[in-house]
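Reviewing the structure listed below.
Heavy atoms only: backbone and side chains are in, while hydrogens, waters and symmetry mates are out. Just so we're on the same page: letters track the sequence lines, and every chain starts at 1. Model, not experiment: these values are computed from the prediction.
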Amino acid sequence: MDSGQATYDYRYDANLAEEIELKWQARWEKDGTYHAPNPSGPLADSTGRIDLPKLFIMDMFPYPSGTGLHVGHPLGFIGTDVYARYKRMTGHNVLHTMGYDAFGLPAEEHARQTGQHPRENTNANISNMRKQLKRLGLGHDPRRSISTTDLDYYKWTQWIFLQLFNSWYDTDLKQARPIKELEIKLEEGSIVLEENRQWSSYSDQRKKEIVNSFRLAYLAEAPVNWCPALGTVLANEEVTVDGRSERGNHPVYRRPLKQWMMRITAYADRLLEDLESLDWTEAIKSMQRNWIGKSEGAVINFTAEGITVPVFTTRPDTIFGATYLVLAPEHPLVDSLHQTDWPDGIDSRWTGGFEDPRSAIEAYRTNANQKSDLDRQENKDKTGVFLGSYAKVPVTGEKIPIFISDYVLMGYGTGAIMAVPGQDERDWEFAEVFGLDIIRTVQPPTDWDGKAYIGDGPAINSDFLNGLSITEAKQTIIRWLEDNSGGSRKTSYKLRDWLFSRQRYWGEPFPVVYDKDGLPNPVPEEMLPVELPELIDWAPRSLDENSDPEPPLGRAKDWASTILDLGNGPKEYIRELNTMPQWAGSCWYYLRYLDPFNSKEFVSEDVEKYWMSGETGGVDLYVGGVEHAVLHLLYSRFWHKVLFDLGHVSTPEPFQRLYNQGYIQAAAYQDERGMYVDAAEVSEDGRKFFYQDNEVQRSFGKMGKSLKNSVTPDEMYEEYGADTLRLYEMFMGPLDQDRPWETKSVVGSQRLIQRVWRNLVNEETGEITVSDSEPDETLNRLLHQTIDSVNNDMNNLRFNTAIARITELNNEITKLESPTPKAIAEPLVLLLAPLTPHIAEELWEKLGHETSVVYAKFPVPDEMLLVEEEVEIPIQINGKVKSKIKVDSNATDETLQEKALADKKIESLLGLNDPKKIIVISGKLVNIVL
RNA sequence: GCCCGGGUGGCGGAAUCGGCAGACGCGGGGGAUUCAAAAUCCCUUUCCCUUCGGGGAGUGCGGGUUCAAGUCCCGCCCCGGGCACCA
C-alpha cells in the first residue's frame with residue numbers, strides 16, 4: 001500500500017486470516033475447547049455437557065505418510081468437523097478426535113528406502129500430520145488421539161487377540177464362548193468328537209491340539225499368498241485379481257505355510273444378516289454381501305470306484321440333467337478315481353491325445369498350474385480330460401463320466417460339480433466341446449432360442465420332480481436325498497478365514513509363545529504388552545519364489561527365546577516371530593478413543609455404554625473412503641461381534657451410520673510424449689492448454705506426485721487461509737461425490753468471507769460496524785428462511801447448499817446502505833461458525849461475546865417468518881408459464897383462479913377460447929388448460 | 001456378463017413430495033470507481049430466432065402416463081465403480 005490512498009489494514013486477506021486463525025487455534029488448545037467429557041473416569045468433567053445427548057462422530061483414521069497432505073486428503077475430515085460443530089451448537093456432547101494407523105507395510109517400505117528406523121520415521125510423520133491438521137482448525141479432542149503403534153495401544157490389541165485365542169464359536173448358541181466352556185463340554189461328553197471315544201482317552205498333547213483347532217484364532221497349514229518381494233504372506237483381500245500384491249504390484253505365489261488364522265467364517269451369517277440394520281450405502285452393503293458370497297444348496301454324494309464324491313450345487317433340482325462330473329484338477333480324489341487305461345472306443349476329444357489317463361491328468365495339471373490367474377480369467381475356453389471312470393447318480397443309478405477341468409475351483413464348495421448343461425452356461429460350453437449329453441430339466445418358454453436355460457419353469461425329464469417349479473423341486477429333491485443318504489442341504493460361502501500372520505517387523509507382536517511340544521501358549525494378560533524388540537537389522541530380506549518367509553523378529557535372538565513362568569514354573573519358550581497385519585490396529589481404535597487412559601481395561605463398561613448406545617448402536621457417524629468397503633469394515637465388524645459375544649461391548653455392530661466421502665480429483669496434463677507436466681504451470685486459452693508454449697492434453701485423476709498435480713493445504717493457507725480452504729472444499733459439491741479441484745475457483749469462497757467481514761467490520765479501523773436498529777421485514781424473513789434451510793442442510797450433510805443459502809443472505813446484506821443490524825449480524829456469524837470457525841470466533845468476540853462461539857446456540861427459525869405474506873404465483877397455459885401474479889399467501893383457490901383469469905396478459909392470450917379445465921395448486925401455481 | 005452409482009449451461013453444481021429448470025459459485029461480457037491498474041460495487045450471462053414487444057427449443061436418446069415430467073413407467077445409449085468360470 002504505497003499509493004497514499006485509503007489503506008485497508010483490516011481487510012480480510014491471507015495475512016489477516018492467518019493472524020485470526022493462529023490466535024484462535026492457540027486459544028482453543030489452551031482452553032481445551034473441544035474436550036468431550038466422559039460419564040466417569042479421568043475424562044469426566046464439570047462442564048455439564050455430559051447431560052446432553054451424545055454423538056460419536058469419526059473419520060477413518062489416516063496412515064501417516066511421509067509425503068504430507070494434499071488438499072484432497074482432508075475433505076472428509078472437514079466434513080465431519082463441520083457436522084460436529086453444528087451438533088455442538090445444537091446441544092450435543094460431541095466426541096470427535098483423530099488417530100493414526102501407523103503400523104504396516106508402507107512405514108516399513110519407507111524406512112527400508114531411507115534407512116531410518118520405522119518408529120522414528122512414523123513419529124516424525126505423525127507429528128507433521130498433526131501440525132498440518134491443526135492448521136485446518138479441526139475441532140478434535142486432542143487427549144483422545146491415539147496411534148496404533150503406541151505401546152499402551154497395542155497392548156490392548158494383543159489383549160483382544162487373546163480374547164479370540166481363548167474363545168470358540170458355539171454353533172448351537174451362534175456366538176463366541178470362552179474356550180473353557182468347550183473344555184468342560186468335552187470332558188462332560190456333551191460334545192463328542194469320535195463315536196465311542198472318551199475325552200479322557202486322548203493324550204494331553206492331543207487334547208491341546210484338538211482344543212486349539214476350535215479357537216477363533218488358530219494355527220493352520222494352509223495355502224497362502226506368498227509375496228517374496230515384500231517378504232511376507234498376504235491376505236486374500238490384499239491380492240489383486242491378477243495375482244499381484246495390492247501394495248507394490250509384486251507377484252504373489254500360492255504355497256502352503258503354517259499361519260495364524262482368524263475364524264471369521266463362523267460369523268458369515270451374522271455379518272450378512274446384520275447388514276440390514278445398518279445405515280450404510282447399498283453399494284457398500286452389496287460389496288460385503290458379495291464378498292461373503294453365501295449360496296444355499298445341497299451337497300450330493302455321487303459314488304465312483306467305491307468312493308464317495310461329494311458335490312456342491314445350488315440347483316439340486318436339476319440332478320436328472322446331470323450328464324457328467326467335473327473335479328478341480330488339484331482335487332485330492334483324482335488320484336484314487338482315475339483308471340489305468342482308457343475304455344475301448346473312447347472319444348478322442350476326451351483323452352487330450354494321451355496314452356492313458358495318468359499321463360493325461362499329469363499333463364493337464366502341469367498346464368493348469370502354469371496358467372496364471374489372468375490367463376484363466378481371460379481365456380475361458382473349456383478344457384479338461386476324462387479320468388476313465390464313471391460315477392453313479394444317486395436318484396437314477398445312471399453312470400456318468402468324470403472329468404477334471406480348471407473351470408472348477410478347488411477353493412469353493414467341495415471342489416467338484418455335477419454338470420448340468422441344460423441349465424448352466426458353463427456346463428453347456430464344456431458339453432459342446434466334449435460332445436456330452438445335454439438334458440433339459442426345466443421347460444424353457446416357448447420362444448426360447450438360447451442354449452442353457454437358467455430361468456424358472458416346470459421341471460421336465462425329472463421323474464418325480466416333473467411339473468414342479470425350481471423352488472418346489474429343490475425342496476422335494478433335498479428331502480429325497482436326505483431320506484436316501486444321497487446328500488443333504490448345505491450352504492456355501494466365498495468368505496475364507498482371515499490370514500493373520502505377517503513376516504514383518506513393523507507390526508504388533510503376537511502374545512504367543514511355543515513350548516517344547518511346539519504348541520502355542522498365550523502370554524497371560526498381566527504380562528502384556530509383548531513389546532517389539534529394538535532391532536538394528538529390521539529390514540526384510542529380498543527373497544525369491546522358492547525361499548521360505550523369514551520373519552525379521554527371528555533376528556532378535558535374545559527376544560525370540562525367553563524364560564517365562566506360565567503357571568508351571570519358569571521354562572524356556574520360543575516367541576511367535578510373525579507380527580499382526582495392519583488391519584489389527586484399525587479393527588478397534590474407535591473403542592480406545594472412548595477411554596484412552598484406561599490402564600485396567602481396553603475401555604470401561606460405563607464409558608463404552610455411554611458413547612456406543614443408539615438405535616442399533618455403534619459410532620453415530622463414520623466417514624471415510626469407499627476403498628475400505630470390504631477389508632477394514634468387515635474385519636472390524638467381526639472383532640466387534642466377538643467382543644460383543646464375550647460381553648466386552650454392548651452393541652452387535654461398531655458403526656451405525658457409514659458415509660463415504662467422494663474424492664477430490666485434479667486436472668493433469670501430458671505433453672506429446674505422454675509425460676506429465678507440472679499442472680500449476682499450465683495455461684489455458686479457452687479451448688486448449690499450454691505448457692511452456694507447447695500444447696498439452698488434459699485428463700483428470702487422483703492428486704499426487706505421479707500426475708504432477710498436487711495442491712497442498714499450505715499453498716492455500718499462504719494465499720487464502722484455512723477458513724477459505726474449508727469453505728471451498730465444502731462448497732464444491734455434495735460430500736459423497738467426486739469433484740475436480742479448481743484452484744482458480746477458491747477465490748469465490750474467500751470473497752464470501754471477505755464480504756461478511758466487510759459487512760460487519762470497518763476495513764480501515766478493524767472496528768465492528770453493526771447497528772442496533774431493527775432489520776426491515778424482508779431481510780428478517782430472508783434471515784429466518786436461511787436459518788431454516790441451513791439447519792436442514794447441516795443435518796443432511798448438504799454443506800454446499802447451506803453455503804449457497806448463507807451467500808444469498810449475505811448478498812442481501814451487502815446491498816444495504818446502512819450498517820448491518822446486529823439482529824442480522826449475530827445469527828449470520830452463528831450460521832457460519834461450523835464452516836469457518838476462526839473468523840466466526842473473531843467476529844463473535846468483536847460483537848461483544850466473551851464465550852466461544854463453539855458452544856453458542858445455533859439459530860432456530862421463527863416459524864411465523866417462514867411464510868411469506870405475499871407470494872408470486874406462476875400462471876400456466878397448457879403447462880407453460882405465461883404470466884405471474886402476486887397474491888396474499890393464504891389466498892383461497894377461488895381467489896387464485898379469479899385473479900389468474902383477470903390477469904391482463906392471460907386475458908389477451910385466452911381471447912375467445914374457453915378454458916377446458918383450470919388446475920389450482922394452493923399457494924403454488926395455476927394451470928389453465930385450453 | 002451381473003450388481004451398484006451417475007448423465008442438467010463454458011465449468012463445479014441447485015431444483016428429488018410430479019408444480020416457475022439452471023439457486024449459489026467459477027469463468028465470460030458490459031458498466032461505475034481510478035491518472036491507470038489491482039481491489040471493490042452494480043448489471044448481464046442455457047441455446048436459437050427477434051421488428052427488442054417477444055417467440056421457439058431445452059435436463060443422454062426413443063416412447064409412454066399426466067392438466068403438468070430433470071423428477072414416475074417401458075425400451076435403449078454413454079460414463080464411473082464393484083464382482084466375475086463361486087457350481
Side-chain angles (χ1 to χ4, degrees), chain A residues 1 3 5 8 11 13 241 281-291 293-295 297 311-316 318 326 328 376-377 379-382 405-409 411-420 423-427 429-430 492-494 626-627 629-630 660 684 686-687 727-728 731-734 736-749 751-752 754-755 758 763 789 798 800-808 810-811 814-815 872-884 915-930:
Chain A
M1 298 291 163
S3 63
Q5 293 179 21
Y8 298 113
R11 167 156 292 178
D13 58 14
V241 278
T281 61
E282 210 34 55
I284 300 279
K285 286 189 188 181
S286 79
M287 279 189 239
Q288 292 222 344
R289 283 190 200 109
N290 215 316
W291 189 264
K294 178 178 183 169
S295 45
V311 151
F312 177 71
T313 177
T314 53
R315 292 293 304 276
T318 61
V326 187
R376 270 200 180 197
Q377 218 181 95
N379 187 3
K380 290 183 179 172
D381 294 343
K382 295 290 177 285
S405 172
D406 63 3
Y407 85 94
V408 173
L409 310 172
Y412 184 76
T414 61
I417 62 158
M418 64 173 198
V420 188
Q423 272 78 231
D424 186 290
E425 284 165 5
R426 297 152 303 182
D427 296 343
E429 279 176 40
F430 191 90
S492 268
Y493 300 89
K494 280 197 255 180
V626 70
E627 74 273 18
V630 253
N660 297 110
E684 185 184 350
R687 310 194 81 179
L727 195 62
Y728 174 65
F731 183 61
M732 288 165 83
D736 57 357
Q737 202 168 298
D738 293 349
R739 73 288 305 265
W741 177 268
E742 242 188 8
T743 297
K744 71 170 188 194
S745 295
V746 179
V747 68
S749 296
R751 288 207 267 248
L752 170 61
Q754 239 169 20
R755 284 179 194 144
R758 199 178 294 123
E763 290 187 300
S789 309
R798 305 285 305 259
N800 55 331
T801 47
I803 295 166
R805 296 288 86 81
I806 294 171
T807 308
E808 280 175 305
N810 190 56
N811 285 348
T814 306
K815 286 179 191 151
E872 202 181 39
I873 302 286
I875 303 166
Q876 301 179 331
I877 293 180
N878 289 338
K880 299 206 167 177
V881 180
K882 293 293 176 184
S883 183
K884 286 176 184 182
K916 265 195 208 137
K917 198 171 170 185
I918 300 173
I919 287 121
V920 180
I921 309 293
S922 305
K924 280 203 169 156
L925 159 147
V926 178
N927 189 12
I928 300 164
V929 186
L930 290 181

Which residue lies more 5' along RNA chain B, comparing A:Arg755 with A:Ser295 via nearest heavy atoms: A:Arg755
5'-most by nearest nucleotide on RNA chain B - A:Lys382 or A:Ser749: A:Ser749
Below 4.0 angstrom from OP1 or OP2 of [N], is there any side-chain N or O of [X]?
X        : N      : result
A:Arg758 : B:rC41 : yes
A:Lys880 : B:rA69 : no
A:Asn927 : B:rU66 : no
A:Arg751 : B:rG27 : yes

Within the 4.0 Å heavy-atom criterion, would you say [X] contacts the bases, only the backbone, or no part of the nucleic acid?
X        : result
A:Gln754 : sugar-phosphate
A:Asn878 : nothing
A:Arg289 : nothing
A:Thr281 : nothing
A:Lys884 : base

Atom pair [atom1]/[atom2] of [X] and [Y] - distance to nearest 0.5 Å:
X        : Y        : atom1 : atom2 : result
A:Ile918 : A:Asn927 : CD1   : CG    : 9.5 Å
A:Gln754 : A:Arg751 : CD    : CZ    : 8.5 Å
A:Ile284 : A:Arg289 : CD1   : CZ    : 11.5 Å
A:Ile803 : A:Leu727 : CD1   : CG    : 4.5 Å
A:Lys917 : A:Asn878 : NZ    : CG    : 12.0 Å
A:Ile417 : A:Thr314 : CD1   : OG1   : 10.5 Å

For [X] and [N], what is the distance between atoms [atom1] and [atom2] respectively, to the nearest whole Å?
X        : N      : atom1 : atom2 : result
A:Met418 : B:rC85 : CE    : P     : 21 Å
A:Glu763 : B:rC41 : CD    : C1'   : 12 Å
A:Ile875 : B:rG19 : CD1   : C1'   : 14 Å
A:Ile877 : B:rG55 : CD1   : P     : 11 Å
A:Ile921 : B:rC20 : CD1   : C1'   : 13 Å
A:Arg11  : B:rU40 : CZ    : P     : 7 Å
A:Ile918 : B:rU66 : CD1   : P     : 21 Å
A:Arg315 : B:rA87 : CZ    : C1'   : 11 Å

Considering only atom [atom1], compute the distance from [N] to [M] and round it to an integer number of Å.
N      : M      : atom1 : answer
B:rA38 : B:rU33 : P     : 15 Å
B:rU65 : B:rU71 : P     : 15 Å
B:rA68 : B:rG81 : C1'   : 36 Å
B:rG22 : B:rC74 : C1'   : 28 Å
B:rU46 : B:rG12 : C1'   : 16 Å
B:rA21 : B:rA32 : P     : 35 Å
B:rG1  : B:rC20 : P     : 39 Å
B:rC42 : B:rC49 : C1'   : 30 Å

Checking contacts here: which listed nucleotide ([options]) is nearest the side-chain heavy atoms of [X]?
X        : options                : result
A:Tyr412 : B:rC85, B:rA87, B:rC42 : B:rA87
A:Lys917 : B:rC42, B:rG27, B:rC67 : B:rC67
A:Ala804 : B:rC24, B:rA87, B:rG82 : B:rC24

Base-pairing assignment for [N] (Watson-Crick or G-U wobble, both under 3.5 Å):
N      : value
B:rA84 : none
B:rC24 : B:rG12
B:rG5  : B:rC79
B:rA32 : B:rU40

Heavy-atom closest pair, residues A:Val881 and A:Lys884: CG1-CE, 4.3 Å
Closest approach of A:Ala419 to A:Asp427 (non-hydrogen atoms, all atoms of both residues): CA-OD2, 3.3 Å
Any donor-acceptor N/O pair under 3.5 Å between B:rC83 base and A:Asn290 side chain: no
Base-contact (B) and sugar-phosphate-only (S) positions in nucleotides 1-18 of chain B, heavy-atom cut-off under 4.0 Å, - elsewhere: ---S------SBSSS---
Test salt bridge (Lys or Arg N to Asp or Glu O under 4.0 Å) applied to A:Glu627 - qualifying residues, sequence neighbours left out: none
Syn/anti state of B:rG9 by chi, 90° boundary around 0: syn
Aromatic ring pairing A:Tyr412/A:Phe312, orientation class (parallel under 30°, perpendicular over 60°, tilted between): perpendicular
